[in-house]
There are 2 protein chains.
Amino acid sequence: MPAECCDEASNEALDDAAAAALASLLATLSDPVRLRIYSLIASSDEVCSCNLEGPVNKSQPTISHHTAKLAAAGLIIGERRGRWTWWRAVPGRANDLATSILDLGRP
Amino acid sequence: MPAECCDEASNEALDDAAAAALASLLATLSDPVRLRIYSLIASSDEVCSCNLEGPVNKSQPTISHHTAKLAAAGLIIGERRGRWTWWRAVPGRANDLATSILDLGRP
DNA sequence: ACATTGTATTGACATCTATCGATGAATCAT
DNA sequence: ATGATTCATCGATAGATGTCAATACAATGT
């Protein structure tokens, strides 16, 4: 610890647990494929998985892997109707994330 | 492409380039250490590097690596004054990110 | 029952990344 | 100049992760 420049222990804007939780949520959205999937789902009421493979252009296991991650993060929720799974965005989740990001800059 | 459930090509909410750019910015913030560093910087006017090692509790090369990534993403900017580098948050950047996230849900 | 279709899981592989020790470059004090 | 200090860079390593082929599971239809 140097001498002349350093203040006290700082105002601890974000503790370890909060940083880990927020980082985990951000990591879920930090993949281009997941972003596109979430964007497709969140901009519609409901999206069938069969409507994801086309635009996203990835294999079926890859899509399943990404939707599972988005669901585990609480960003989307899936409902199985018949053979297909229909996805919808969890309301308010993107809003909460946006305000969390804004709060990073508040003392 | 299945038959009964699938619509047309979807409303293309996010093209590949936009998804890659946003994902890259989110990836920059998807690390707990970087989140804490950015939080410390963004909640103050200016923060010296010597005020980061203490709260973050990582080695000096690790801190340097993270500040470099935050700076490359345009989230912080560093000014060298004498021996120390002083960091400040780029104004508006967190705001832009927050609105980008909110736009994901808009048709 | 059997075949078909949509989805999830497993295993393997390649790539990326966070971390740190060692070293180099730049700045200041004496 | 010499030494001390601050920061960046390099090399190495361990862990995480995106991707897909193969396979298993679930639901529907014949």
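In what follows, chains carry the letters A, B, and so on, assigned in the order in which the sequence lines appear, proteins first and then strands, with residues in each chain numbered from 1. Predicted model, so just to flag it, every value in this text is computed and none were measured. No hydrogens, no waters, no symmetry mates; every other heavy atom, side chains included, goes into these values.
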Looking at B/Leu102, I want to see if its CG is surrounded by more than 12 non-hydrogen atoms of other residues, nucleotides or ligands under 6.0 Å. yes
Shorter than 3.5 Å, N or O on both sides, protein versus nucleotides 23-25 of chain C: list them out with atom names.
none

Choose from D/dG18, C/dT5, C/dT7 the nucleotide whose nearest atom is closest to any side-chain atom of A/Asp31. D/dG18
Could you name each residue pair satisfying side-chain hydrogen bond (donor to acceptor under 3.5 Å, both in side chains) that touches residues 93-102 of chain A, not counting sequence neighbours? none
Rounded to the nearest Å, what distance is computed from the CG atom of residue B/Leu52 to the C1' atom of nucleotide C/dT19? 17 Å
When you check the phosphate oxygens OP1 and OP2 of C/dT19, does a side-chain N or O of B/Thr62 lie under 4.0 Å from one of them? no
Suppose the criterion is side-chain hydrogen bond (donor to acceptor under 3.5 Å, both in side chains): which pairs have a residue in residues 17-31 of chain A, not counting sequence neighbours? none
Candidate nucleotides D/dT19, D/dT9, C/dT9, ranked by approach to the side chain of B/Pro61 - the nearest: D/dT9
To the nearest angstrom, how far is A/Glu53 atom CD from C/dA8 atom C1'? 13 Å
Base, sugar-phosphate, or nothing for A/Arg34, non-hydrogen atoms under 4.0 angstrom? sugar-phosphate
Can you measure A/Arg83 atom CZ to D/dA27 atom P for me and round it to whole angstrom units? 12 Å
Not counting sequence neighbours, which residues clear side chain to side chain contact (heavy atoms under 4.5 Å, CB included) with B/Ala21? List them please. none
Nearest-angstrom distance from the residue atom CD of A/Glu79 to P of C/dT7: 13 Å
Partner set under salt bridge (Lys or Arg N to Asp or Glu O under 4.0 Å) for A/Glu46, not counting sequence neighbours: A/Arg81, A/Arg88
Just wondering, do B/Leu75 and B/Leu25 contact through their side chains at under 4.5 Å, heavy atoms? yes
Distance-only donor-acceptor hits, side chain of residues 63-72 of chain A, under 3.5 Å, sequence neighbours excluded:
{"residue": "A/His66", "atom": "ND1", "partner": "A/Arg34", "partner atom": "NH1", "Å": "3.1"}
{"residue": "A/Thr67", "atom": "OG1", "partner": "A/Ile63", "partner atom": "O", "Å": "3.0"}
{"residue": "A/Thr67", "atom": "OG1", "partner": "A/Ser64", "partner atom": "O", "Å": "3.0"}

Considering only C/dC20, D/dC7, D/dC20, which nucleotide approaches the side chain of B/Cys48 most closely? D/dC7
Per B/Ser49 side chain, nearest of listed nucleotides C/dT7, D/dC7, D/dT6: D/dC7
Send over the distance from B/Leu29 CG to C/dT17 P, rounded to a whole Å. 14 Å
Which nucleotide in the set C/dC20, D/dT19, C/dT7 lies at the smallest distance from any side-chain heavy atom of A/Val33? D/dT19
Need one value for A/Ser64: base, sugar-phosphate or nothing, where a base atom within 4.0 Å counts as base even if backbone is also close, heavy atoms only. base
Give the rounded distance in Å between these two atoms: CG of B/Leu35 and C1' of C/dA18. 14 Å
Starting the side chain at C-beta, find the nucleotide from D/dG18, D/dC7, C/dT9 nearest to A/Lys69. D/dG18
A/His66 near the nucleic acid: base, sugar-phosphate alone, or nothing, with a heavy-atom cut-off under 4.0 Å? sugar-phosphate
Side-chain N or O of B/Lys58 less than 4.0 angstrom from OP1 or OP2 on C/dT19? yes
Please report the distance, rounded to the nearest Å, between CH2 in A/Trp84 and P in D/dT28. 10 Å
All heavy atoms of B/Arg36 vs all of A/Ala19, minimum pair found to be CG-CB, 3.6 Å
Is any side-chain nitrogen or oxygen of A/His65 closer than 4.0 Å to OP1 or OP2 of D/dG18? yes
